Amino acid sequence: MKWYVIRRVLWAAFASFIILTITFVLMDQVPNQQLMQAEFQAAVNDVDVETAVQAEKERLGLDRPFHERYLDFMTNVFQGDWGWSYEYDQPVVDVVRETVPYSLLYGVPAIVLSTVIGTAIGLYSAVNQYTKKDYAATFAAFFGISIPNFWFGIVLLVVFGSWLGWVPIGWNADIPLAADGSWTLLETAGSDHPAFFRQDFEGERYVGILSPANLKQLILPTFVLMTGAIASVMRYARAEALEYVDADFVKTAKSKGVSNRAIVTKHIFRPASIPLMTILVGRILGLVLFGSYLIEVVFGIPGIGLASFQAIIRQDTDLVAITILLPTFVAIVGNLIEDIMYAVLDPRIDYGDR
Amino acid sequence: MGEDTDTRTKADGGTAPRDVTFEQVDWDEIDADGVARSRKRVAWLAVVSLWTIGVAYDLYSRFVAETGQAAFPVLGSVSPVDWLWSFTLLVLLYYGVVPLYENPRMTRYYWKEFKKNKAAVVSALYLIVVFAIGVIGPRVLPEPEPTPGLENQPPVWGSIEAYSAGTSCAGGTTTVDGVTMCQGSWQHPFGTTSSGEDILLSSIYGMEVSMQVGLIATLMSISVAAAVGLTAAYYGGLVDEVLMRYVDIQMTFPTFFLFLLLAYTIGSSLFVLILIFGLFGWGSSARIMRSEALQRREEPYMKAAKNAGASSLWTIRRHLLPNISNSLITAATLTIPSIILAEAAIAFLGLGDPTVPSWGRLISDGRDQLRTAWWISTIPGGFLFFTILAFNFLGDALRDALDPRHGGSGE
């Protein structure tokens with residue numbers, strides 16, 4: 001068991017190492033923004049371009065051999081020195097620190113809700129296999145899996161935002177913040193709060209993560225992100241639960257007169273929950289990471305996905321590298337946790353085998 | 001799989017009546033059968049070598065002679081995606097349609113099983129229509145071009161306030177409540193985009209792009225997955241360990257983010273997109289096929305083949321591969337929609353090739369016009385949604401029919 005965990009951790013470290021190397025090699029091919037800027041400056045100031053570029057290269061350490069730069073990159077990544085973002089004009093670390101909370105704002109509720117709802121529907125569907133309710137749930141799951149997230153988001157935005165006017169169309173990034181720009185759960189603020197820019201009103205309104213205005217603008221992104229996730233969880237939960245619906249111990253419990261509810265929660269859900277955990281981490285995380293990218297672009301949420309997208313469009317190399325590496329690391333760590341949990345929770349698993 | 005071996009004997013010597021003894025079998029006739037089979041193979045090899053020569057000549061004139069794209073007598077110049085596309089279509093024809101045509105009895109059996117699932121039949125019909133239009137349409141129809149003056153035209157059944165549309169109205173104008181309304185016309189049945197492109201034409205071109213991306217990348221990824229999965233399962237031991245650890249690493253790097261990285265560093269085109277999804281998205285299919293092949297490896301026919309002196313390659317191709325074909329077909333049908341969706345998403349973000357008339361690009365084109373011209377995003381989005389839905393239905397039905405463990409409608 002101990003060895004299994006150690007091996008798994010080492011493996012995750014090795015995978016991260018490989019991915020960092022690939023990223024470094026690829027990013028090394030991209031023309032450096034600072035060099036181009038230096039070249040441009042030299043041309044404008046009528047200085048010799050060659051020497052200016054050479055000087056800038058020396059200043060940035062780009063004239064050193066490949067392996068030294070590689071080592072540098074690796075140590076920098078581990079020390080949290082992730083480079084400079086030209087677009088935001090601040091260190092990449094700060095950009096990440098500012099944008100990630102926005103992604104968590106709708107990502108966390110979406111993961112939790114879709115897990116709970118998906119599992120519940122899946123179990124219900126499995127217990128009522130081949131009934132009309134089961135078919136309806138399966139059919140709905142197909143829609144959830146097939147509907148393109150970004151398109152669904154746009155359609156909902158038009159229907160509920162523009163036609164019915166129930167939710168705001170633009171995303172107000174200042175609402176979850178306090179007046180001084182820090183995160184707050186719930187407080188009141190007057191019209192001088194940045195969220196109410198160009199709005200004149202008397203008295204105070206709620207701001208913060210739990211304020212009604214913030215919850216209102218989070219509904220659609222969370223819902224769109226959930227559609228695919230609920231459907232996936234539901235399908236897996238149903239398939240897993242079906243393995244135990246006809247098991248001997250379920251029949252025994254039934255014949256003893258155990259209530260339906262107890263059978264489902266204690267005899268079917270418990271054994272089925274272990275393999276369910278695997279997909280929860282692996283699949284749902286993947287879905288959410290990929291989905292958040294599109295959802296942030298569609299809804300204009302200033303999270304990490306939108307930052308990454310704009311970095312790509314505006315050639316902000318350091319930010320691109322980190323915003324692509326981060327989700328990948330989240331996936332690696334997620335897989336690691338999943339493997340270890342699996343080993344801890346399921347006594348049947350054989351640790352000797354890889 | 002019992003039926004499969006049955007038809008094989010029938011195809012080989014099925015012409016001989018049941019009650020003839022071994023001595024009476026007309027071996028000449030069976031030999032003639034063999035010649036016919038080899039004739040089909042010869043034709044296939046000829047087509048493949050013709051294709052290879054074409055690719056080689058194209059590569060030669062691009063990179064060695066550096067005279068640009070090679071021009072061919074009838075075809076003109078052929079783009080890299082078109083090379084892959086033509087090969088994919090050939091493989092589909094040779095390994096998909098021809099065997100079905102040669103075994104009408106099995107075809108009828110499959111059809112009987114398949115049509116029990118109504119949703120899958122409708123899905124298959126829809127996909128065949130989209131595929132056919134997508135393949136033929138761009139060959140015979142003009143390319144959609146921006147037409148100044150004909151912007152935001154409504155679909156044939158709809159109308160739009162004239163000030164939202166271009167300067168001219170194809171379907172004429174009417175006045176409703178004092179507002180001049182621009183009517184749709186059959187000239188542009190689904191209307192036009194904000195740059196005046198015909199949406200029907202663009203959607204038809206988009207069908208080809210989606211089918212190209214989905215089918216080519218899936219063919220690539222399934223071939224690699226089958227090769228890796230079967231090799232790992234067949235040899236076991238160190239080979240298995242090395243291959244599957246590689247799969248682990250590859251799967252930790254989500255294909256979408258890998259594409260973003262590559263699109264940023266080396267530039268994106270439809271060709272690069274297909275290659276990335278084809279060559280790096282096969283991890284989970286390889287795992288599924290390996291686990292299936294591990295079970296098949298222990299079957300008696302594998303031992304029999306080995307004892308009869310069959311080589312490893314032969315055993316894998318003739319005994320292991322056909323017997324995991326159910327996993328393969330299911331994995332293929334479920335890979336296609338995910339790749340189509342990813343391509344549309346990338347085109348929507350504007351990170352793909354801007355010259356490719358993809359559905360995703362159309363959807364993002366209409367995003368700003370949603371309040372006035374809802375159809376620009378909605379119609380291509382509908383095509384995209386129904387295509388993905390149809391592939392998912394089809395994949396699920398095939399899994400039910402082919403996978404004995406799922407215990408669906410198939411026996």
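Keep in mind that what you see is a predicted model, and the values were worked out from it rather than measured. Atoms considered below: every heavy atom in the structure, side chains included; atoms not considered: hydrogens, waters and symmetry mates. Chain naming here is simple, since letters A, B, ... match the order of the sequence lines and numbering starts at 1 in each.
For B:F385, the ring pair (Phe, Tyr, Trp, His ring centres under 6.0 Å) test picks out A:F143, with sequence neighbours left out.
Remark: A:F139 CZ is loosely packed, at most 12 non-hydrogen atoms of other residues, nucleotides or ligands lying under 6.0 Å away.
Among A:T317, A:I332, A:I313, the residue with the largest count of heavy-atom pairs under 4.5 Å with chain B is A:T317. Each of A:T323, A:L325, A:I312, A:L157 has some count of heavy-atom pairs under 4.5 Å with chain B, and the biggest count is that of A:I312. Each of B:L258, B:L384, B:T387, B:T378 has some count of heavy-atom pairs under 4.5 Å with chain A, and the biggest count is that of B:T378.
Here CD1 of A:I145 is found 11.5 Å from OG of B:S338. Values are rounded to the nearest 0.5 Å. For the atom pair OG of B:S123 and CZ of A:F142, the computed distance is 8.5 Å after rounding to the nearest 0.5 Å. Atoms CG and CZ, from B:L341 and A:F290 in turn, are 5.5 Å apart once rounded to the nearest 0.5 Å. Distance check: B:Y264 OH to A:M27 CE gives 6.0 Å after rounding to the nearest 0.5 Å. Distance CD1/B:I388 to OG/A:S146: 6.5 Å, rounded to 0.5 Å. Taking CZ of A:F150 as the start and CZ of B:R367 as the end, the distance is 10.5 Å to the nearest 0.5 Å.
When heavy atoms are compared at a cutoff of 4.5 Å, B:F393 approaches chain A by way of both its backbone and its side chain. Contact annotation for B:F257: both backbone and side-chain heavy atoms come within less than 4.5 Å of a heavy atom of chain A. Contacts between A:P327 and chain B at a heavy-atom distance below 4.5 Å involve the side chain alone, from C-beta outward.
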Output side-chain donor-acceptor pairs under 3.5 Å for residues 9-25 of chain A, partner residues at least two apart or in another chain, one line each.
{"residue": "A:S16", "atom": "OG", "partner": "A:A12", "partner atom": "O", "Å": "2.6"}
{"residue": "A:T21", "atom": "OG1", "partner": "A:F17", "partner atom": "O", "Å": "2.8"}
{"residue": "A:T21", "atom": "OG1", "partner": "A:Y70", "partner atom": "OH", "Å": "2.7"}
{"residue": "A:T23", "atom": "OG1", "partner": "A:I19", "partner atom": "O", "Å": "2.7"}

Using atom types as modelled, flag every donor-acceptor pair under 3.5 Å from a side chain in residues 293-307 of chain A to any protein atom, sequence neighbours excluded.
{"residue": "A:Y293", "atom": "OH", "partner": "A:S308", "partner atom": "OG", "Å": "2.8"}
{"residue": "A:Y293", "atom": "OH", "partner": "A:F309", "partner atom": "N", "Å": "3.4"}
{"residue": "A:E296", "atom": "OE1", "partner": "A:I304", "partner atom": "N", "Å": "3.3"}
{"residue": "A:E296", "atom": "OE1", "partner": "A:G305", "partner atom": "N", "Å": "2.6"}
{"residue": "A:E296", "atom": "OE1", "partner": "A:L306", "partner atom": "N", "Å": "2.9"}
{"residue": "A:E296", "atom": "OE2", "partner": "A:S103", "partner atom": "OG", "Å": "2.7"}
{"residue": "A:E296", "atom": "OE2", "partner": "A:Y106", "partner atom": "OH", "Å": "2.6"}

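Applying a 4.5 Å heavy-atom cutoff, the residues of residues 344-357 of chain B that approach chain A are B:A344, B:A345, B:F348, B:L349, B:L351.
Looking only at side-chain heavy atoms (C-beta outward), A:R235 and B:D396 come within less than 4.5 Å of each other.
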